[in-house]
Amino acid sequence: GEGGRNFAVTRLAVRPDPHDPAQQLVMVETANHSDSSAKVPLNLAIDAGKPQTTAVELAAGAVAQTTVSLPVETSGILSAQLAVDDDLTADNQARVRVASRRRPHVFFVSAGPPAAADAVRTTLEALSGLDMQVVERLPATLPAQSVVVLYGQVPPSLPDCPLLVMTPQG
């Protein structure tokens, strides 16, 4: 007899991208239960959003894992779907819930030696997952998801948020 043609999404997992809070790393495991190799389009979409498509090369009888960094602006249901016409369409798709994450806003306040403070500031600015603002003093109200870095100064009252104090003086 003639062998069947079946491709499947066998596993779907999502985790935050450690390099960019706006992205999620999506791992999709796919299987080819057919007798011949194929290049199959894999569509990833959140709710009814525009899909991101990547091609998956599947050898006959093989399983492959594909990892894609996907922007997640709003929480929702992520769908991974093989865009292929095969003998069993029920296993061509999997879904998982994803949550958006905001980029933390960092306020950097410095009163320390300029060279050392510049080194700390430059290091923080190099971190891609942060929105950083250098200020002389903290605003009266901090936005949600704020982190404060105080370098060389400790104010009389501390902000009600995550706080890092480096080389405190006074």
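Counting from 1, the numbers follow the sequence of the chain as shown.
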Residues in side chain to side chain contact (heavy atoms under 4.5 Å, CB included) contact with [X], at least two apart in sequence or another chain:
| X | result |
| --- | --- |
| K39 | A55, E57 |
| A8 | T10, H33, D91 |
| L158 | L150, V154, P155, L163 |
| S37 | none |

Tell me who clusters with [X], hydrophobic residues only, linked when side chains sit under 4.5 Å apart either directly or through other members.
| X | value |
| --- | --- |
| L78 | F7, V9, L12, V14, V26, V28, V40, L42, L44, I46, V56, L58, V68, L70, V72, L82, V84, V96, V98 |
| M27 | none |
| V63 | none |

Donor-acceptor pair, N6 side chain versus D87 backbone, under 3.5 Å?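 Checking the backbone N and O of D87 against the side chain of N6, no donor-acceptor pair under 3.5 Å is found.
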Nearest heavy atoms of [X] and [Y], plus distance in Å:
| X | Y | answer |
| --- | --- | --- |
| D85 | R5 | O-NE, 3.4 Å |
| G152 | A111 | O-CB, 4.1 Å |
| Q24 | A99 | NE2-O, 3.0 Å |

To the nearest 0.5 Å, how far apart are NZ in K50 and CG in N43?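 If I round to the nearest 0.5 Å, the distance is 11.5 Å.
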Taking side-chain hydrogen bond (donor to acceptor under 3.5 Å, both in side chains) as the cut-off, I'd like each qualifying pair that reaches into residues 70-79, sequence neighbours left out, listed once.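 Listed once each, the pairs are S79-Q93.
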With sequence neighbours excluded, what pairs up with R11 under the salt bridge (Lys or Arg N to Asp or Glu O under 4.0 Å) test?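 Once residues adjacent in sequence are excluded, the partners of R11 under the salt bridge (Lys or Arg N to Asp or Glu O under 4.0 Å) criterion are E29.
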Can you name the residues that form a salt bridge (Lys or Arg N to Asp or Glu O under 4.0 Å) with D118, not counting sequence neighbours?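 Checked D118 against salt bridge (Lys or Arg N to Asp or Glu O under 4.0 Å); matches are R121.
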Please set out all donor-acceptor pairs under 3.5 angstrom arising from side-chain atoms of residues 133-148, sequence neighbours excluded.
unit_1: Q133; atom_1: OE1; unit_2: H105; atom_2: NE2; d: 3.1
unit_1: S146; atom_1: OG; unit_2: P143; atom_2: O; d: 2.5

Not counting sequence neighbours, which residues clear side chain to side chain donor-acceptor pair (under 3.5 Å) with D47? List them please.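 Residues passing side chain to side chain donor-acceptor pair (under 3.5 Å) with D47: none at all.
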